[in-house]
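Numbering of ligands and ligand atoms starts at 1, following listing order.
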Amino acid sequence: MEDGLSVYVRQGKGFVNREARMDGENLLFPRATAATMRREMDTTLVLLKPDCVSGRKVGEVIKRFEAADFQIRGLKMFVAGAELLREHYAHIADKPFFPELETFMSSTPVIAVALAGDNAVERVRTIIGPTDSKKAAPGTVRGDFGVDVMVNIVHASDSNENAAIELERFFAPGELFDYAMRYETKPATVAS
Ligand code: IDP
Ligand code: MG
């Protein structure tokens, strides 16, 4: 075994310095570093709600996440039934507005999107803005397209723990994909 090395490895768009060592011809990273590197891409769950679908903002909202470097790992459309909604909204199921929320959420199909990226949970929550669309700043998804505190375009997981639970709630194992981004598109020739 040789002495420890300090090497530069890619992380996101830049490089970071890592401790490593040579073992014969192999460059080995300590276990903790390998775990840290794997963790850099978190996955979070977004639901495009009935107002997003009805208002034809599906493309616009997904475009914002792609522009922020998120990778789509899964995407599906379905009608959210009563049982699913009661589970998903268990933390507010006893609120007086819950029946109305249930009616709203099942009024059209919704679209679940699994998004991977650096610090995904927090960055997606920042992009969508606060729950109440009226308090959400222009430039956020809810600020630009939401109507009020209920009709607010999207759901997004609020912690890594809940993201894991919610991804499992809406996607079967075979519906989430791991893949490298191998191709780049031509620069856009029409206004985006
Ligand atoms: P979040 O979606 O920003 O995480 P939560 O507090 O988890 O907000 O509430 C879940 C959803 O329940 C909200 O996105 C919204 O659609 C609805 N909701 C939350 N608070 C109210 C309310 O006071 N009145 C009506 N609907 C609400
Ligand atoms: Mg929430």
What is the minimum heavy-atom distance between [X] and [Y], and which atoms define it?
X    : Y    : value
S159 : V121 : N-CG1, 3.6 Å
E102 : R86  : OE2-NH2, 3.0 Å
F98  : I92  : CB-O, 3.7 Å
V110 : K49  : CG1-CA, 4.1 Å

Next on the checklist: If you measure every N or O of F104 against every N or O of ligand 1, does any of those distances drop under 3.5 Å?
Outcome noted: no

Next on the checklist: Is there a polar contact, in the sense of an N or O pair closer than 3.5 Å, between N152 and ligand 1?
Outcome noted: yes

In the protein, which heavy atom is nearest to [atom], and how far is it?
atom                    : answer
atom 11 (C) of ligand 1 : Y89 CE2, 3.8 Å
atom 15 (C) of ligand 1 : V149 O, 3.1 Å
atom 4 (O) of ligand 1  : R125 NH1, 2.9 Å
atom 20 (N) of ligand 1 : F97 CZ, 3.5 Å
atom 17 (C) of ligand 1 : L101 CD1, 3.8 Å
atom 3 (O) of ligand 1  : T131 OG1, 2.5 Å
atom 2 (O) of ligand 1  : R142 NH2, 3.1 Å

Next on the checklist: Using side chain to side chain contact (heavy atoms under 4.5 Å, CB included), reason through E60 and K63 one step at a time and then give a plain yes or no.
Outcome noted: CA-CA 5 Å; E60 175 63 41; K63 180 173 127 183; 4.0 Å; yes

Checklist entry - In terms of atom number and element, which parts of ligand 1 are under 4.0 angstrom from non-hydrogen atoms of K49? => result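 Per the distance check, 13 (C), 14 (O), 15 (C), 16 (O).
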
Checklist entry - When you check the gap from the basic side-chain N to the acidic O, do K134 and D148 get nearer than 4.0 Å? => result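 So K134 does not pair with D148 through a salt bridge.
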
Item to check | Of the listed options M105, H91, H155, closest to atom 5 (P) of ligand 1 (non-hydrogen atoms) | outcome: H91

Item to check | Selected option - heavy-atom contact closest to atom 9 (O) of ligand 1, from D51, I92, D158 | outcome: I92

Checklist entry - Stepwise, does the side chain to side chain contact (heavy atoms under 4.5 Å, CB included) test hold for M77 with V53? => result CA-CA 10 Å; M77 183 179 234; V53 173; 4.2 Å; yes

Checklist outcome for this item: With heavy atoms and a 4.0 Å threshold, my read on which part of K95 contacts ligand 1 is neither

Next on the checklist: Tell me whether L47 shares a hydrophobic cluster with L115, the cluster being built from Ile, Leu, Val, Met, Phe, Trp, Tyr side chains joined at under 4.5 Å.
Outcome noted: no

Item to check | Path from L176 to F70 over hydrophobic side-chain contacts below 4.5 Å | outcome: no

